[in-house]
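The structure appears right after this line, and notes come after that.
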Number of protein chains: 2
Amino acid sequence: MDHVDKILVQWRTERPDLDTEAMGIMGRLKRLSTHLAREVEQVLQQHGLSSSSFDVLATLRRSGTPYRLSPGDLLSMTMVSSGTMTNRIDQLEKAGLVERVVNPDDRRSVLIALTGAGLAAVEGAAGAHVANQQRLTQGFSAEEKAQLDALLRKFLATFE
Amino acid sequence: MDHVDKILVQWRTERPDLDTEAMGIMGRLKRLSTHLAREVEQVLQQHGLSSSSFDVLATLRRSGTPYRLSPGDLLSMTMVSSGTMTNRIDQLEKAGLVERVVNPDDRRSVLIALTGAGLAAVEGAAGAHVANQQRLTQGFSAEEKAQLDALLRKFLATFE
DNA sequence: GCCATTTATCTTGACGTCAAGATATGCCGT
DNA sequence: ACGGCATATCTTGACGTCAAGATAAATGGC
């Protein structure tokens, strides 16, 4: 009987006409993702980053040398609006972790490049972040992890 | 090969020392919850509510007559800060969907009560919201839904 | 070559959220 | 009764996000 079960019991009492199966799955998913986001945020904060800024730095890092992508490339990989991405880049630029360099091939565009400090920051944070993700999922057996991943993949395929 | 797979391939190329199993689960969960939140928001918007305001109205509704709870009760059921709850109640009060009534038993406190308009709004939205949740999960068989729910319950139990 | 359209990024104003602290009331031991 | 601690709510200031629109450069049809 977890927190979501209590909600479902209330609904079944008050509105027995409403089916609660989907409610349970959606409710657990929402609460879980909130908890996970907070856990992730906490570890990255210890490395001086927010999960938002880490997202951008990590996207640049995993794109490989020379660690440069346009704001449009970053946008297509991160599920945020263009205004949000501009703001994220502004913050990272102020912190000296990325810099905007001109794109010689297209002057509408610009390239966002990891600085030395930015590369150091993301390398340091990435290890801790991955270790934290492993900690958070360590309660599951290998089989359960595979099962969960498969179900999430199928669910996600509804949208992407 | 979904969006998350592409990210994992990049990491395995750039940082083969990092294990990607947990990254995959966490990444899919995050993207999925973002998609689901947007879908939910859209349906509630058609009923003049945000998911935030619906959360409060639904909590009051499922608590049963007389549909009154203190801000503290609402807080303990919704994973937001006290400042956020004050703001949500302010908005709902301005919209005429709830009202603050004095709590005769404890004058530090106050009771948040559904108005007639608030009750009508939540009853209308709840049906559409549940139907939407069922739509979003309809790609799964009964067995898959049970499996997913069980895994999410176990994962959530890590935190609650 | 020129103008209309498309593409890429940035700007603006509004919203929801949070952490930290302020305020006001209740409670309890003496 | 009273002082001090606990509890309940609200306030403040800062952030991150979004939708809509502004700006500027590239492209394509004529």
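In what follows, chains carry the letters A, B, and so on, assigned in the order in which the sequence lines appear, proteins first and then strands, with residues in each chain numbered from 1.
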Taking [X] first and then [Y], would you say they form a salt bridge - that is, a charged N and a carboxylate O separated by under 4.0 Å?
| X | Y | value |
| --- | --- | --- |
| A:Asp5 | B:Arg153 | yes |
| A:Arg100 | A:Asp90 | yes |
| B:Asp2 | B:Arg28 | yes |
| A:Lys30 | B:Asp55 | yes |

- Point-to-point distance, once rounded to the nearest 0.5 Å, from CG of B:Leu151 to CG of A:Asp149: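 So the gap between those two atoms works out to 11.0 Å.
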- Whether A:Phe140 and B:Phe155 hold their rings parallel, tilted or perpendicular, with breakpoints at 30° and 60°: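 Aromatic pair A:Phe140/B:Phe155 classed perpendicular.
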- Item | Of the listed nucleotides C:dG16, C:dC10, D:dA25, the one nearest the side chain of A:Val110 | C:dC10
Take atom [atom1] of [X] and atom [atom2] of [N], then tell me their distance rounded to the nearest Å.
| X | N | atom1 | atom2 | answer |
| --- | --- | --- | --- | --- |
| A:Asp90 | D:dC15 | CG | C1' | 14 Å |
| B:Asp105 | D:dT7 | CG | P | 18 Å |
| B:Leu69 | D:dT9 | CG | C1' | 15 Å |
| B:Leu74 | D:dT9 | CG | C1' | 12 Å |
| B:Ile89 | D:dT11 | CD1 | C1' | 14 Å |
| B:Met77 | D:dA8 | CE | C1' | 15 Å |

- Item | For B:Val130, the option from A:Met26, A:Glu21, A:Met23 that meets side-chain contact (heavy atoms from CB on, under 4.5 Å) |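 The residue from A:Met26, A:Glu21, A:Met23 that satisfies side-chain contact (heavy atoms from CB on, under 4.5 Å) with B:Val130 turns out to be A:Met23.
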- Message: Return a single string for nucleotides 17-24 of chain C, one symbol per nucleotide in 5' to 3' order, where B is base contact, S is sugar-phosphate-only contact and - is none, cutoff 4.0 angstrom on heavy atoms.
- Response: BB------
- Query: Would you say B:Ser70 reaches D:dT9's phosphate, i.e. side-chain N/O to OP1/OP2 under 4.0 Å?
  - Reply: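 Yes, B:Ser70 has a side-chain N/O under 4.0 Å of OP1/OP2 on D:dT9.
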- For B:Thr115 and B:Glu99, does a side-chain donor sit closer than 3.5 Å to a side-chain acceptor? no
- Query: Side-chain donor-acceptor pair under 3.5 Å between B:Ser70 and B:Asp73, yes or no?
  - Reply: yes
- Message: At 4.0 Å (heavy atoms only), tell me whether A:Ser50 reaches a base, stays on the sugar-phosphate, or touches nothing.
- Response: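 No contact at all - A:Ser50 keeps every heavy atom at 4.0 Å or more from the nucleic acid.
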- Please work out if A:Ser109 contacts a base, only the sugar-phosphate, or nothing of the nucleic acid, heavy-atom cut-off 4.0 Å.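 Sugar-phosphate contact only - A:Ser109 comes under 4.0 Å of backbone atoms but never of a base.
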- Query: For residues 39-47 of chain A, which residues have at least one heavy atom under 4.0 Å from DNA chain D?
  - Reply: none
